[in-house]
Amino acid sequence: MITLEERNFEAFFKAPFNAYDDGQAYVSPQAYVSPQAYVSPMKSDLRRMLDAQQNPLFTSNADFTYFTAMRDGRPIGRIVVHVHHASNRAHDTNRASFGFFDCADDPQAADLLLSAAQDWAKEKKFNELAGNFNLTAMQQMGVQTGGFETVGYTDMIVNPPHIPALLEQNGFERFFPMSTFEVDLTNTAAQTRKLADNAGYTFAEIKSKDFAARMEEGRLVLNDGFAENPMFVPLTAQEFQFQAGEMMTILDPRLSSVLHHEGQPVGVVICIPDLNGFLKATRSRIGLLTPYHFLRYRLNRKRAVIIFYSVIQQQHGRGIMGTMLARTIACLKNAGYEKLGVTWIADENVASLRQMERLGGRPLQHLHLFRKALT
């Protein structure tokens, strides 16, 4: 028997573990270079995301809800449905978004979840439902449609092949193709390049003592450099702090930097160690063994992921981004990292795809957004 529960956080959190868990022991050494399996955000972080009093994306509980599909009392599927007001204003859309669509290969459960999301959107007079947005285009985005044999990184969406199939069975169509990438740092020829001598450029590492100031500079560079990118919505200081606030505890200051030109921020690279092995080992919960797993992860980390990189528009066309990425790769190699993931790049973003090619990046996953018109 299938039933639907609304705003039951405990069931919502458990659903993907029940839907996808392949029975692995999450304590093997290989967990830190994890084989393909579902990796959840930390339970406490997910709870914050779904709290209108904490998440500045939402003005109130009226902006979102979430559902869990229960088969015989056991959670096996979930979905969030919400509205991103700033995105609708910026892109002149009347769209509701879905996110965190995770489900067992169970057509009845999927139909119940997707129907509930559509009913919520229709009641609020939206004319389209699209996703995954977990919860915006500047967080996790897309549904994995290819590269299922690969190993994902932190901030990448991972799902089995039946998820896009379930969406299509319910009338959703693919659009906005994207790819993620991986660079083998043990086999890349990228070398650090210097910016023009005496040109006023300096790099500033993002260290704990000036974390807030550097991250605010990064937000300003991101908003300027991405202003013309499809799907992008400028991040407010509150939204950026909410998303990046926990990053200080996991940052490796050798990997991220802000580029200044004559004292003003013009470029940024945010690169963090990949957390997926640690999250898998703890099953994304804080418990008695969490400190042990975190120490083990710190001692064995060999994978990192670039969350985003950007250069302000005034500095485009000067080779700055290539120089910043080459410097980041040199820092990664010197620090002993072996693999680098790069989060999604739209297939239409020719310049960034060329940048990946120059770095020796290989496509890792393929993703799409899925949408359905509401009548």
Side-chain angles (χ1 to χ4, degrees), residues 41-42 44-45 48 54-57 136 138-139 153-155 192-227 232-275 278 294-295 297-299 301 303-316 318-337 340-343:
M42 285 297 290
S44 55
D45 289 339
R48 287 191 316 123
Q54 296 189 66
N55 191 341
L57 176 65
T136 73
M138 291 313 297
Q139 294 172 279
Y153 287 74
T154 300
D155 227 34
T192 301
R193 292 176 285 175
K194 291 184 178 180
L195 294 163
D197 292 338
N198 303 317
Y201 291 99
T202 56
F203 283 98
E205 292 182 344
I206 302 178
K207 299 180 180 179
S208 57
K209 66 177 182 179
D210 51 15
F211 176 82
R214 293 290 86 79
M215 293 303 281
E216 174 59 11
E217 291 177 339
R219 180 185 74 88
L220 296 175
V221 171
L222 174 69
N223 284 348
D224 187 290
F226 274 58
F232 182 72
V233 179
L235 287 164
T236 67
Q238 292 77 16
E239 289 172 333
F240 194 75
Q241 290 165 11
F242 179 82
Q243 295 179 26
E246 300 297 323
M247 199 178 292
M248 186 173 68
T249 60
I250 60 172
L251 270 180
D252 183 336
R254 297 170 293 182
L255 311 184
S256 297
S257 62
V258 174
L259 179 67
H260 291 150
H261 181 246
E262 297 180 350
Q264 297 300 311
V266 297
V268 61
V269 175
I270 300 296
C271 181
I272 65 171
D274 176 43
L275 287 173
F278 166 71
F294 188 72
L295 177 61
Y297 146 77
R298 288 289 297 266
L299 293 174
R301 59 190 184 187
R303 290 157 47 96
V305 58
I306 290 179
I307 303 299
F308 70 84
Y309 54 88
S310 181
V311 171
I312 64 171
Q313 294 182 61
Q314 188 181 23
Q315 296 277 346
H316 284 183
R318 301 184 183 184
I320 291 175
M321 195 70 262
T323 300
M324 293 193 72
L325 289 173
R327 177 185 183 274
T328 301
I329 285 180
C331 291
L332 285 160
K333 294 175 72 171
N334 289 338
Y337 288 86
L340 172 66
V342 181
T343 53

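Heads up: numbering here begins at 1 and tracks the sequence. On a predicted model such as this, the values are computed, not experimentally measured, just so you know.
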Participant: May I ask you to test the Arg327-Phe203 pair for a side-chain heavy-atom distance under 4.5 Å?
Facilitator: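 A side-chain contact under 4.5 Å exists here.
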Participant: When you measure from the side chain of Ser310 to the backbone of Val221, do you find a donor-acceptor pair of N or O atoms at a distance under 3.5 Å?
Facilitator: yes
Participant: Run Tyr153 and Leu340 through side chain to side chain contact (heavy atoms under 4.5 Å, CB included) and show every step you take.
Facilitator: CA-CA 9 Å; Tyr153 287 74; Leu340 172 66; 5.9 Å; no
Participant: Which heavy atom of Cys271 sits nearest a heavy atom of Leu332, and at what distance?
Facilitator: SG-CD2, 4.2 Å
Participant: Of all heavy-atom pairs between Ala204 and His260, which one has the smallest distance, and what is that distance?
Facilitator: CB-CE1, 4.0 Å
Participant: So which atom in Tyr309 and which in Met321 form the shortest heavy-atom distance, rounded to 0.1 Å?
Facilitator: CD1-SD, 3.3 Å
Participant: Passes side chain to side chain contact (heavy atoms under 4.5 Å, CB included), Tyr337 versus Asp252? Steps please.
Facilitator: CA-CA 11 Å; Tyr337 288 86; Asp252 183 336; 3.0 Å; yes
Participant: Within the 4.5 Å heavy-atom criterion, are Phe308 and Thr343 side-chain neighbours or not?
Facilitator: no
Participant: Nearest 0.5 Å, what's the NZ-CZ distance between Lys209 and Arg214?
Facilitator: 9.5 Å
Participant: Can you say whether the rings of Tyr201 and His261 are parallel (under 30°), tilted (30 to 60°) or perpendicular (over 60°)?
Facilitator: tilted
Participant: Going by salt bridge (Lys or Arg N to Asp or Glu O under 4.0 Å), name the pairs with one or both residues in residues 234-244, residues two or more places apart or in two chains.
Facilitator: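 Matches after skipping sequence neighbours: none remain.
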Participant: Hey, mind stepping through Val305 and Ile272 against side chain to side chain contact (heavy atoms under 4.5 Å, CB included) and telling me if it holds?
Facilitator: CA-CA 6 Å; Val305 58; Ile272 65 171; 3.7 Å; yes
Participant: For residues Thr136 and Gln243, determine if any side-chain heavy atom of one lies less than 4.5 Å from a side-chain heavy atom of the other.
Facilitator: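 With C-beta onward as the side chain, the pair touches.
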Participant: Between Asp45 and Arg48, does any side-chain N to carboxylate O distance fall below 4.0 Å?
Facilitator: yes
Participant: Return the minimal non-hydrogen interatomic distance between His316 and Gly225, and the atom names on each side.
Facilitator: CE1-O, 4.1 Å
Participant: Please report the C-alpha distance between Leu222 and Met138 in whole Å, then the side-chain angles of each, then the deciding distance to 0.1 Å, and finally whether the side chain to side chain contact (heavy atoms under 4.5 Å, CB included) criterion is met.
Facilitator: CA-CA 10 Å; Leu222 174 69; Met138 291 313 297; 4.0 Å; yes
Participant: Looking only at heavy atoms, which two atoms of Leu259 and Thr202 are closest? And how far apart?
Facilitator: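 The pair with the smallest heavy-atom distance is CD1-O, 3.4 Å.
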Participant: Shortest non-hydrogen contact from Pro253 to Lys207?
Facilitator: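 Looking at all heavy atoms of both residues, the shortest contact is CB-CG, 4.1 Å.
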Participant: Determine whether more than 12 heavy atoms belonging to other residues, nucleotides or ligands lie under 6.0 Å from atom CD of Gln314.
Facilitator: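 Check fails, neighbour count at 12 or below.
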Participant: Would you check if Leu251 and Phe211 make a side-chain contact, meaning some heavy-atom pair closer than 4.5 Å?
Facilitator: yes
Participant: Can you find a heavy atom in the side chain of Thr154 that is under 4.5 Å from one in the side chain of Arg303?
Facilitator: no
Participant: Could you state the interatomic distance from CD1 (Ile270) to CD1 (Ile307), rounded to the nearest 0.5 Å?
Facilitator: 9.0 Å
Participant: Looking at CG of Leu235 and CG of Leu220, how far apart are the two atoms once the value is rounded to the nearest 0.5 Å?
Facilitator: 11.0 Å
